[in-house]
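Below is one structure, written out as structure tokens, with a few remarks after it.
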Amino acid sequence: MNLYREQGVVLRTWKLGEADRIVVLMTQGQGKVRAVAKGVRKTKSRFGGRLEPFSHVDLSLYRGRELDIVTQAEVITPFRNLREDYDRVVAGTAMLEAVDQVAQEREAAVRIYLLLVRALRTLDGAPRDPSVVLDAFLLKLMALEGYRPALAECAGCGRRVPLRCFSIARGGGLCDRCRSGEESTLDRATVPLLAALLGDDLDATAAAVPAPGSRREAGALVKGYVEYHLERRLRAYPLVAR
């Protein structure tokens with residue numbers, strides 16, 4: 001049928017004509033969907049502010065040839081607390097940007113959708129440091145995409161030994177025997193921190209307070225690792241407070 005129902009998160013929007021708006025959604029069952037919300041920019045629009053970035057919505061859509069058409073939208077989770085805090089908005093924007101890059105149109109990716117919803121709910125709570133939640137989200141997203149970094153064993157030889165270096169190109173931490181000499185020596189807590197960000201639940205991550213030195217190193221490595229595999233920069237990431 002051409003009419004279908006979906007749940008999704010609004011990733012981004014832009015204007016179309018005088019009153020319409022194109023909405024890019026990460027949906028639960030359809031993957032990334034581009035749709036038109038007709039008349040949404042009018043004062044008396046029935047959609048109001050329901051189709052703005054971050055909105056978690058229940059939708060009725062009509063399948064079109066190139067763009068679908070939103071016929072109904074109800075908010076599931078507005079994420080009001082997230083929207084009212086600059087640091088959380090920037091961290092959340094980087095999440096939306098990353099999902100927009102990895103998700104394929106009309107290709108179901110339920111785990112990515114669920115990860116995004118969980119991460120936005122965590123940001124909407126009271127995380128001690130939104131940037132830590134962002135880095136955890138990005139590492140988990142890369143793992144879902146098949147780019148899980150080696151953090152428990154050396155990415156070169158596979159040995160389980162202390163890792164004090166990290167190679168973005170080789171996919172993880174390196175032991176002293178496998179390092180090329182170009183990698184910088186990391187703080188002792190940096191690789192364990194990356195492993196915790198990747199493996200821990202997001203609620204646990206939200207309560208964590210990493211040491212400043214390892215926190216800065218981990219953030220730089222996450223940024224480089226994600227951008228290396230996305231093959232493009234995350235525009236919002238440098239704006240995140242650390």
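Index from 1, following the sequence.
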Please list all pairs meeting salt bridge (Lys or Arg N to Asp or Glu O under 4.0 Å) that have one or both residues in residues 70-95, counting only residues at least two apart or in different chains. R50-E74, D85-R88

Going hydrophobic residue to hydrophobic residue with side-chain gaps under 4.5 angstrom, can you get from L61 over to V110? no

L116 versus L11: any side-chain heavy-atom pair under 4.5 Å? yes

Enter the distance from L120:CG to L96:CG here, rounded to the nearest 0.5 Å. 6.0 Å

Are L123 and Y113 connected in the hydrophobic side-chain network, where two residues link if heavy atoms are under 4.5 Å apart? yes

State the CG-CG distance between L234 and D100, to the nearest 0.5 angstrom. 11.0 Å

Would you sort out whether W14 and V23 count as a side chain to side chain contact (heavy atoms under 4.5 Å, CB included), showing the intermediate values? CA-CA 7 Å; W14 68 89; V23 183; over 6 Å; no

Min side-chain heavy-atom separation F79-V89 under 4.5 Å: no

Between atom CE of M95 and atom CG of L115, what is the distance when rounded to the nearest 0.5 Å? 8.0 Å

Name the residue from R12, R235, R232, R233 that meets the salt bridge (Lys or Arg N to Asp or Glu O under 4.0 Å) definition with E97. R235

Does the pair R121 and H56 meet the rule for a side chain to side chain contact (heavy atoms under 4.5 Å, CB included), with working shown? CA-CA 10 Å; R121 284 176 177 162; H56 182 207; 3.9 Å; yes

Is there a path of hydrophobic side-chain contacts, each under 4.5 Å between heavy atoms of I, L, V, M, F, W or Y residues, that connects F54 with V10? no

List the atom of E6, the atom of Q30, and the distance in Å for their closest heavy-atom pair. OE2-N, 3.1 Å

With the side chain counted from C-beta on, respond yes when P53 and T13 share a heavy-atom pair under 4.5 Å apart, and no when they do not. yes

Carefully, step by step, assess L134 and V240 under the rule side chain to side chain contact (heavy atoms under 4.5 Å, CB included). CA-CA 9 Å; L134 169 61; V240 178; 3.7 Å; yes

Could you see if L25 belongs to whatever hydrophobic cluster contains L114? Use Ile, Leu, Val, Met, Phe, Trp, Tyr and a side-chain cutoff under 4.5 Å. no

Got a sec, which residues hit salt bridge (charged side-chain N to carboxylate O under 4.0 Å, His left out) with D68, two or more places apart in sequence or on another chain? R106

If you round to the nearest 0.5 Å, how far is CG of L67 from OH of Y62? 14.0 Å

Enter the distance from Y4:OH to S60:OG here, rounded to the nearest 0.5 Å. 10.0 Å

Which residues pass the side-chain hydrogen bond (donor to acceptor under 3.5 Å, both in side chains) test with H229, not counting sequence neighbours? none

At their closest point, which heavy atom of S214 faces which heavy atom of L193, and how far apart are they? O-CD2, 3.7 Å

Please step through side chain to side chain contact (heavy atoms under 4.5 Å, CB included) for the pair V36 and V70, ending with a clear verdict. CA-CA 6 Å; V36 177; V70 180; over 6 Å; no

Which donor-acceptor pairs under 3.5 Å do the side chains of residues 137-164 make with protein atoms, sequence neighbours left out?
from, atom 1, to, atom 2, distance (Å)
K140, NZ, L197, O, 3.4
K140, NZ, L198, O, 2.9
K140, NZ, D200, O, 2.6
R164, NE, L186, O, 2.8
R164, NH2, L186, O, 2.8

If you count heavy atoms of other groups shown closer than 6.0 angstrom to CD of E105, is the number above 12? yes

Could you label the plane-to-plane angle of the F166 and Y225 rings as parallel, tilted or perpendicular, counting under 30° as parallel and over 60° as perpendicular? perpendicular

Please find the pair of heavy atoms, one from A73 and one from L59, that lie closest to each other, and give the distance. CB-CD2, 3.7 Å

Quick one: side-chain hydrogen bond (donor to acceptor under 3.5 Å, both in side chains) partners of R215, sequence neighbours excluded? S131, D135

Side-chain donor/acceptor pairs under 3.5 Å, residues 171-179, sequence neighbours excluded:
from, atom 1, to, atom 2, distance (Å)
R179, NH1, T185, OG1, 3.3
R179, NH2, E183, O, 2.5

For P127 and V133 the tightest heavy-atom approach is CB-CG2, 3.9 Å

Heavy-atom pair of closest approach, residues V90 and A236: CG1-O, 3.5 Å

Are V57 and Q7 side-chain neighbours, meaning at least one heavy-atom pair lies under 4.5 Å? no

Min side-chain heavy-atom separation T205-T122 under 4.5 Å: no

I76 and V99: same hydrophobic cluster, using ILVMFWY side-chain contacts below 4.5 Å? no

Nearest non-hydrogen partners of L51 and A37, listed with the distance: CD1-CB, 3.6 Å

